[in-house]
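The next block holds one structure in the form of structure tokens; read it before the comments.
Numbering of ligands and ligand atoms starts at 1, following listing order. Heavy-atom basis, side chains included; hydrogens, waters and symmetry copies ignored.
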Amino acid sequence: MNRIILGIETSCDDTSIAIIKDGKLLSNITFTSNDTNKKYGGIVPELSARFHCRYIDYAFWQCIKKAKIKINDITHIAYTFEPGLTGSLHIGKIFANQLAMLLNLKPIKINHNIAHIFSYFIDHHFEKNFFPFLTLIISGGNTFIALVSSFDEIKILNQTVDDAVGEVLDKIGRALKLPYPGGKSIDKIFNNKKNIDLFKHLSPNSKFSFAGLKTKILNIIIQKKYSKSTIASSVLNWIIIDLKMKLSYYLSMFPSVKNIIIGGGVSANSQLRKKLKTLKKVKCFFPTKIFANDNAAMIAKLADLKIANCKSKNVL
Ligand code: KG4
């Protein structure tokens, strides 16, 4: 029998539904509430939850149509159960549970951050000898490095004590009056030749912290001494150096590690992709750009990988 997995992602501001059949992505439909949120310069949780209510049904039917399957063909339902905005998560959970009841299935709970880690495999072949690997997840809500030894052995090594990288880029983008989301806009106006000397980086084994950088940059913006592009490029350079330095530190701690997977919305950044690829003695893997941001394909994919590769039912 075919394994047909429906993925549901509603953790933040994207309503996304995907279908994977025997490991292959058939469809991934995403509606983003960027337009609703952009007039506020950031995500308004209540508006995002209402957006999910409005679009989840439509996304589901579009996805079924594009995948050319019938509802009764679905063999598994996987949905994001944490972390995320409470109201947004709730819509996905209700949808998954109702559908599961109708189809007599047991919904599979997927952790959004772990799905980001494995998003590279949506369109790349997975093999068990990829383990153990290091991962760096950088998104609007999270920034962490972890050692991944198997699907259920994931050890967080470093995690931000304050802001996430995407959050910093979005807030600086808003202060610079760049189009929302700021991270994407900063990527577009980056110019390597322009750089302001910012403060020194903390030691490589210190915890991630970006709130100080954000405050410093917001003060620089008020001074009106530098162009938007100079400020944006300096911030991005500072962050990339920090991420690279910390990754190098953990690589030296785990010499058997040969692979790094970068994930999360900020992993779409072109400078970051270029500069992290120069890390020595490891291969750096990035998800295909369309799968860097939140999407349901990664939710369905993680469920699919676990079903295919884990003998123990406890991992689901
Ligand atoms: O993973 P994601 O879609 O949502 C969560 O936060 O979970 O990440 C969104 C973040 C936003 O902060 C956005 O500005 C950032 O990803 N982002 C980028 C780029 N595209 C999206 N940051 C830097 N460069 C980009 N090209």
Side-chain angles (χ1 to χ4, degrees), residues 9-16 18 28 30-35 37-38 40-45 48 51-52 80-86 88-89 92 110-120 122 135-144 159-160 162-176 178-192 210 213-214 217 229 231-240 242-243 261-276 286-299 301-302:
E9 158 62 34
T10 62
S11 66
C12 192
D13 60 335
D14 297 304
T15 312
S16 187
N28 179 55
T30 304
F31 293 105
T32 175
S33 58
N34 267 356
D35 282 347
N37 286 309
K38 83 176 166 201
Y40 301 98
I43 291 161
V44 182
S48 294
F51 185 87
H52 293 311
T80 304
F81 87 107
E82 65 171 14
L85 303 171
T86 312
S88 294
L89 286 170
I110 295 290
N111 177 295
H112 176 85
N113 286 338
I114 302 180
H116 267 308
I117 297 175
F118 290 92
S119 61
Y120 171 75
I122 294 171
T135 188
L136 165 68
I137 298 302
I138 27 177
S139 69
N142 298 286
T143 294
F144 67 86
Q159 194 163 19
T160 180
D162 41 53
D163 293 354
V165 169
E167 190 182 343
V168 171
L169 295 177
D170 290 347
K171 292 207 170 127
I172 290 171
R174 182 171 69 186
L176 288 171
L178 296 173
Y180 176 82
K184 212 172 181 179
S185 299
I186 287 176
D187 194 5
K188 282 189 188 143
I189 62 170
F190 182 87
N191 181 341
N192 217 358
F210 302 100
L213 172 73
K214 184 182 68 186
I217 296 295
S229 155
I231 294 172
S233 312
S234 308
V235 174
L236 200 53
N237 270 329
W238 193 96
I239 290 173
I240 293 172
D242 200 62
L243 297 175
I261 292 186
I262 320 287
V266 183
S267 75
N269 187 270
S270 28
Q271 285 308 311
L272 183 98
R273 286 183 175 230
K274 221 183 271 170
K275 291 185 177 158
L276 288 190
F286 291 85
T288 302
K289 278 197 182 180
I290 48 162
F291 301 127
N293 280 99
D294 291 351
N295 64 84
M298 68 182 191
I299 305 300
K301 188 69 207 183
L302 180 55

For a distance cut-off of 3.5 Å, show me each N or O of ligand 1 paired with any protein N or O, plus the separation.
unit_1	atom_1	unit_2	atom_2	d
ligand 1	1 (O)	H116	NE2	3.4
ligand 1	1 (O)	G265	N	2.9
ligand 1	1 (O)	D294	OD1	3.0
ligand 1	3 (O)	N293	ND2	2.8
ligand 1	3 (O)	D294	N	3.0
ligand 1	3 (O)	D294	OD1	3.4
ligand 1	4 (O)	D294	OD1	3.3
ligand 1	4 (O)	D294	OD2	3.1
ligand 1	6 (O)	G140	N	2.7
ligand 1	6 (O)	G141	N	3.3
ligand 1	7 (O)	D294	OD1	3.2
ligand 1	7 (O)	D294	OD2	3.2
ligand 1	12 (O)	G166	O	3.2
ligand 1	12 (O)	D170	OD1	3.3
ligand 1	12 (O)	D170	OD2	2.7
ligand 1	14 (O)	D170	OD1	2.6
ligand 1	14 (O)	G183	N	3.2
ligand 1	24 (N)	G183	O	3.3
ligand 1	24 (N)	N269	ND2	3.0
ligand 1	26 (N)	D187	OD2	2.9

Can I189 and L178 be said to form a side-chain contact (heavy atoms from CB on, under 4.5 Å), step by step?
-> CA-CA 10 Å; I189 62 170; L178 296 173; 3.9 Å; yes
Tell me yes or no: between the side chains of N142 and H116, is some donor less than 3.5 Å from an acceptor?
-> no
Side chain to side chain donor-acceptor pair (under 3.5 Å) involving D14 - partner list, sequence neighbours excluded | T32
Using side chain to side chain donor-acceptor pair (under 3.5 Å) as the criterion, list what pairs up with T30, not counting sequence neighbours.
-> S16
Check: F291 main-chain N/O paired with N295 side-chain donor or acceptor under 3.5 Å | yes
Name all residues meeting the salt bridge (charged side-chain N to carboxylate O under 4.0 Å, His left out) criterion together with K184; count only those two or more places apart in sequence or in a different chain, and write none if there are none.
-> none
